[in-house]
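Heavy-atom basis, side chains included; hydrogens, waters and symmetry copies ignored. This is a predicted model, so every value here is computed, not measured. Protein chains get the first letters and strands the later ones, always in sequence-line order, with residue 1 at the start of each.
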Number of protein chains: 2
Amino acid sequence: MSLVLPSTGRRVPCEQCPLRVLPHFRDFTVRELDFVSSFKRGELVAEMGSTILAEGSLSPHLYTVLSGWAFRFKSLPDGRRQILNYVLPGDLVGLQGSITGEMEHSVEALTPMILCVFQRDRLDELFQGYPGLAFDVTWIAAREERMLDEHILSLGRRTAMERAAYLLAFLHSRAEAVGISGTTPLQVPLSQQHVADTLGLSIVHTNKTLRKLADRKLIRWMDRSCEIIDPEGLQELADWEAPAERKRPLI
Amino acid sequence: MSLVLPSTGRRVPCEQCPLRVLPHFRDFTVRELDFVSSFKRGELVAEMGSTILAEGSLSPHLYTVLSGWAFRFKSLPDGRRQILNYVLPGDLVGLQGSITGEMEHSVEALTPMILCVFQRDRLDELFQGYPGLAFDVTWIAAREERMLDEHILSLGRRTAMERAAYLLAFLHSRAEAVGISGTTPLQVPLSQQHVADTLGLSIVHTNKTLRKLADRKLIRWMDRSCEIIDPEGLQELADWEAPAERKRPLI
DNA sequence: CGCCAGCTTGACTACAATCAACCATCGTGG
DNA sequence: CCACGATGGTTGATTGTAGTCAAGCTGGCG
């Protein structure tokens with residue numbers, strides 16, 4: 001969420017990855033780390049609002065987010081847009097496309113971002129020589145699946161208020177896990193249009209719903225950003241518990 | 001969808017698996033087939049309506065569906081239920097739980113079923129010694145993710161009619177791919193309550209929506225079963241295209 | 001200064017939930 | 001054999017949630 005230099009060089013060696021030191025991520029063996037390091041092709045610096053991956057394309061790359069926020073989305077032919085999930089530091093982006101062939105969704109940056117770039121065609125090598133990492137990749141896919149299951153439950157069976165509360169509690173919990181948030185209340189870099197496209201609501205109704213949350217002092221809305229004041233209150237309202245995330249892999 | 005004998009023996013050797021011969025599934029090497037065969041512990045015969053896996057449990061097993069239909073679902077603490085996806089022959093069930101630890105959703109049989117039973121703790125072995133199969137497992141997870149993405153789009157941005165049409169077109173396309181359906185119109189083994197819990201609608205409204213589809217001669221509703229008369233018409237109404245599924249793995 | 005993006009609010013409409021019956025079919029037990 | 005209760009589907013009336021339309025506000029920026 002900070003520096004943006006329009007270059008493509010490599011600035012962060014995997015051995016000094018700022019994410020890897022977080023207690024949240026599992027340790028790698030030296031051999032694994034060496035491979036990941038050689039797997040990395042460089043870094044991609046993306047501006048806020050730019051498209052990282054586009055639906056229908058066939059990207060040769062795969063990314064891990066080093067810093068910044070993004071979201072995955074799909075659109076209907078007539079333009080209606082639906083946000084599928086959010087992408088935070090440590091997340092793998094483009095795995096689905098790498099495995100299935102063509103991208104079935106797009107990814108757009110919510111903030112300036114830095115991403116590690118991997119070569120999709122070396123994924124084979126990873127599976128051939130590094131079963132531990134191969135398992136990690138599957139683990140990451142299973143984690144995404146779990147999140148999508150939750151979103152479907154929310155979209156299908158929660159009321160507008162509950163959905164909004166769930167979304168914000170969810171994002172808070174994810175940001176906290178990767179050490180964004182600090183002591184001050186977390187600022188989520190969203191517009192109300194993003195919230196609407198996530199919850200499956202119109203902007204107008206989203207606005208009215210968020211106002212109610214603000215009136216209850218659970219959040220505070222600022223320009224293109226939501227301050228999470230009371231994450232526990234949001235969880236309670238949504239009747240949702242943040243999963244106890246154990247150590248997870250980082251590729 | 002046919003025979004049901006309450007035993008647990010092994011009746012179908014992997015080498016003679018009725019699914020494996022379908023053009024839809026990729027060929028295995030002899031070594032891979034041997035492993036899968038040894039990975040298989042037996043068969044589970046499940047009655048219609050029985051629970052295969054339960055949310056919150058920690059199952060030691062992993063299954064592949066040999067025959068029959070099932071669905072995955074989650075519930076809110078107050079009982080509201082949401083169906084997440086359907087499970088058809090050739091599908092892997094319980095992978096998420098095997099990788100993440102605890103099951104985060106339940107699975108229930110829509111028809112009598114036969115499932116191949118695998119030992120979860122031998123998944124390591126698979127990743128260690130069979131990179132091709134490991135990749136297949138990841139492929140399967142990515143495929144599920146793609147389906148969930150579609151469902152989220154549908155739930156969030158399609159109208160009730162479009163959602164219903166999408167669901168039925170989707171199920172038709174999946175059934176067709178695994179050779180259920182034959183020449184006669186496909187019968188989908190659902191109650192209207194299942195449809196409601198999938199689309200995030202009330203039963204009453206679901207009923208009215210399905211009537212409209214029936215009036216347009218796209219489907220015909222019978223007791224606990226929906227006959228898909230015009231799959232193309234449903235696709236068109238939902239503005240959805242069935243994915244061109246290439247050969248896929250079967251474990 | 002004026003435009004644009006993002007947020008806000010009110011009035012009106014429409015889609016979907018809830019409530020309340022009612023029907024048909026099927027399996028069970030008196 | 002029939003009465004019953006249960007399951008699954010159908011329909012109409014009423015209520016309420018969310019969508020659409022329309023206007024206006026604010027702050028940033030060219």
Quiz prompt | Leading and trailing nucleotides of DNA chain C with any atom under 4.0 Å from heavy atoms of chain A | solution = C:dG6 to C:dA11
Quiz item: Just by distance, do the side chain of A:Glu43 and the backbone of A:Val12 share a donor-acceptor pair under 3.5 Å?
Solution: yes
Quiz prompt | Backbone of B:Glu55 reached by a side-chain donor or acceptor of B:Ser106 within 3.5 Å | solution = yes
Practice problem: For nucleotides 13-30 of chain D, just jot down a letter per nucleotide in 5' to 3' order: B, S or -, based on protein non-hydrogen atoms under 4.0 Å. | Solution: B----BSBB---------
Self-check item: Set of residues satisfying ring pair (Phe, Tyr, Trp, His ring centres under 6.0 Å) with respect to A:Phe73, sequence neighbours excluded
Solution: A:Phe71
Quiz item: Pairs in or reaching into residues 145-189 of chain A: which pass ring-ring contact (aromatic ring centres under 6.0 Å, His included), with residues at least two apart or in two chains?
Solution: A:His151-A:Tyr166, A:His151-A:Phe170, A:Tyr166-A:Phe170, A:Tyr166-A:Trp240
Quiz item: Under 4.0 Å between a side-chain N/O of B:Asn207 and OP1 or OP2 of D:dG9, yes or no?
Solution: no
Exercise. Look at the side-chain N and O atoms of B:Arg224 and state whether any lies under 4.0 Å from the OP1 or OP2 oxygen of D:dT7.
Key: no
Quiz prompt | Interatomic spacing from CD in A:Glu104 to CZ in B:Arg146 - rounded to 0.5 Å | solution = 5.5 Å
Practice problem: Any chance you could measure B:Thr64, atom OG1, to B:Leu19, atom CG, to the nearest 0.5 Å? | Solution: 9.0 Å
Quiz item: Can you list every side chain to side chain donor-acceptor pair (under 3.5 Å) pair that touches residues 213-222 of chain B, not counting sequence neighbours?
Solution: B:Arg211-B:Asp215, B:Arg220-B:Glu227
Quiz item: Does any pair with a residue in residues 192-206 of chain B pass side chain to side chain donor-acceptor pair (under 3.5 Å), and if so which ones, sequence neighbours excluded?
Solution: A:Arg157-B:Asp197, B:Arg81-B:Asp197, B:Tyr86-B:Thr198, B:Ser191-B:His194, B:Gln192-B:Asn207, B:Gln193-B:Asp197
